[in-house]
Amino acid sequence: MVVILENNATEEQVKNVKQHLEDFGFQIHESSGVQRTILGAIGVKPGFDIRKVKILEGVADVYRVTSPFKLASRNFKEEKTIIKIKDVEIGGDHIAVMSGPCSIESEEQIFKLAEIVARSGAKILRGGAFKPRSSPYSFQGLGEDGLKMMRAAADKFNLLVITEVMQIDQIELIEKYTDIFQLGARNMQNFSLLKELAQSKVPVMIKRGLASTIEEWLMSAEYILAGGNNNVILCERGIRTFEPYTRNTFDLSAIPVVHQKSHLPVVADPSHATGLRNQVPPMARAAVAAGADALMIEIHHDPENALSDGPQALLPDTYLQLMKELREIAHAIGKTI
Ligand code: PEP
Ligand code: MN
């Protein structure tokens with residue numbers, strides 16, 4: 001941690017700041033220039049609240065040099081994490097694709113879409129049975145019936161399943177049907193849910209919160225890792241900004257940032273990031289080029305009548321064409337899809 005003192009800080013104030021730093025357990029390295037004094041504080045604990053120093057009299061600014069996340073950081077683990085689930089790997093040179101409907105709506109729907117997912121070469125079927133909807137009047141999901149339908153469809157076409165868990169009391173049930181838990185954007189900082197998911201052996205994909213920084217997102221990953229579940233995947237799904245032409249703003253630069261800061265794989269979700277079908281293919285192509293380890297794409301054979309997120313679902317033909325294009329982009333950067 002670096003503590004910069006005000007130009008006109010009095011000797012008394014500097015002494016007081018140093019005393020506090022010592023009391024907090026830091027080792028201090030002082031560098032006094034003509035203009036100002038800078039203190040290097042060594043030994044910052046991950047959970048230390050730097051505001052305790054910021055509020056001291058005479059302090060101009062405080063910067064953290066080390067990150068507050070530890071197990072999720074590249075310093076802790078240099079090599080990239082590859083999550084292995086049955087015969088699928090996420091985080092290596094093969095880009096995994098998770099596609100399917102926003103919600104599981106019926107047996108007919110999920111079997112039809114699972115066939116398209118398998119035909120596209122994707123290995124993971126997505127679909128929600130418990131849906132976090134902005135309106136209580138919107139379709140809330142089919143619950144366990146939906147999970148049963150999706151598991152059967154996935155097994156028929158040799159696919160893995162990813163589905164959202166919204167609350168602690170759903171973990172045990174969903175574990176019976178899924179290969180990956182999806183922790184939704186709205187639950188990214190549901191710390192009690194994170195702690196419970198950390199007790200599971202099932203991989204967890206954490207979607208970035210609507211208004212969360214990359215550091216906060218990595219701190220959520222830290223919760224799962226600290227609790228003993230090493231199978232953590234991150235998913236960039238767009239953040240809320242002032243721009244209304246897209247549903248969210250796709251923070252593509254989060255992909256290289258996460259790769260620099262963390263060893264964990266990162267998935268890109270251009271469907272929720274843009275919210276409109278015609279914007280999904282260009283952003284999916286960009287995500288592969290930016291180095292995403294996997295993609296999450298919503299598809300529907302009858303989006304007009306979809307029970308959720310129809311406007312962002314790709315039609316099967318567009319999706320199959322997109323997968324071909326993505327393969328070429330992946331090839332150009334030494335990867336496969
Ligand atoms: C979803 O994947 O359908 C979903 C609700 O995603 P998010 O949590 O990113 O909004
Ligand atoms: Mn959706």
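In listed order, ligands and their atoms are each counted from 1.
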CD1/I206 to CG/N187 distance, rounded to the nearest 0.5 angstrom?
->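 Reported to 0.5 Å precision, the distance equals 11.0 Å.
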Does C102 reach ligand 1, in the sense of a heavy atom lying below 4.0 Å from it?
->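 Contact check C102 vs ligand 1: positive.
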Answer yes when E164 and K207 have at least one side-chain N-carboxylate O distance shorter than 4.0 Å, and no when they do not.
->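 No.
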[X] to ligand 1: N or O pair under 3.5 Å?
| X | value |
| --- | --- |
| Q182 | yes |
| D269 | no |
| D309 | no |

Angle, SG of C102 through the Mn ion (ligand 2) to OD2 of D309 - 10° precision |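 Seen from the Mn ion (ligand 2), OD2 and SG are separated by roughly 90°.
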Taking [X] for its side chain and [Y] for its backbone only, find out whether a donor-acceptor pair lies under 3.5 Å.
| X | Y | answer |
| --- | --- | --- |
| Q109 | S103 | yes |
| N229 | Q199 | no |
| T37 | S32 | no |
| R126 | C102 | yes |

side-chain hydrogen bond (donor to acceptor under 3.5 Å, both in side chains) between D309 and H272, worked out | CA-CA 9 Å; D309 281 349; H272 292 87; 3.1 Å; yes
Any atoms of ligand 1 less than 4.0 Å from a non-hydrogen atom of [X]? List them with their elements.
| X | value |
| --- | --- |
| G184 | 8 (O) |
| K131 | 1 (C), 3 (O) |
| R186 | 7 (P), 8 (O), 10 (O) |
| R237 | 7 (P), 9 (O), 10 (O) |

Top protein contact for [atom], by heavy-atom distance:
| atom | value |
| --- | --- |
| atom 4 (C) of ligand 1 | H272 NE2, 3.4 Å |
| atom 8 (O) of ligand 1 | A185 N, 2.8 Å |
| atom 6 (O) of ligand 1 | K207 NZ, 3.0 Å |

Going through the checks in order, is the side-chain hydrogen bond (donor to acceptor under 3.5 Å, both in side chains) test met by S99 and Y319?
-> CA-CA 9 Å; S99 40; Y319 166 64; 2.6 Å; yes
Should D251 and S253 be marked as a side-chain hydrogen bond (donor to acceptor under 3.5 Å, both in side chains) after you check the CA-CA gap, both sets of side-chain angles, and the distance that decides it?
-> CA-CA 5 Å; D251 184 7; S253 54; 2.8 Å; yes
The Mn ion (ligand 2) - closest N/O/S atom in E298 =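 Going by distance to the Mn ion (ligand 2), the closest N, O or S atom in E298 is OE2.
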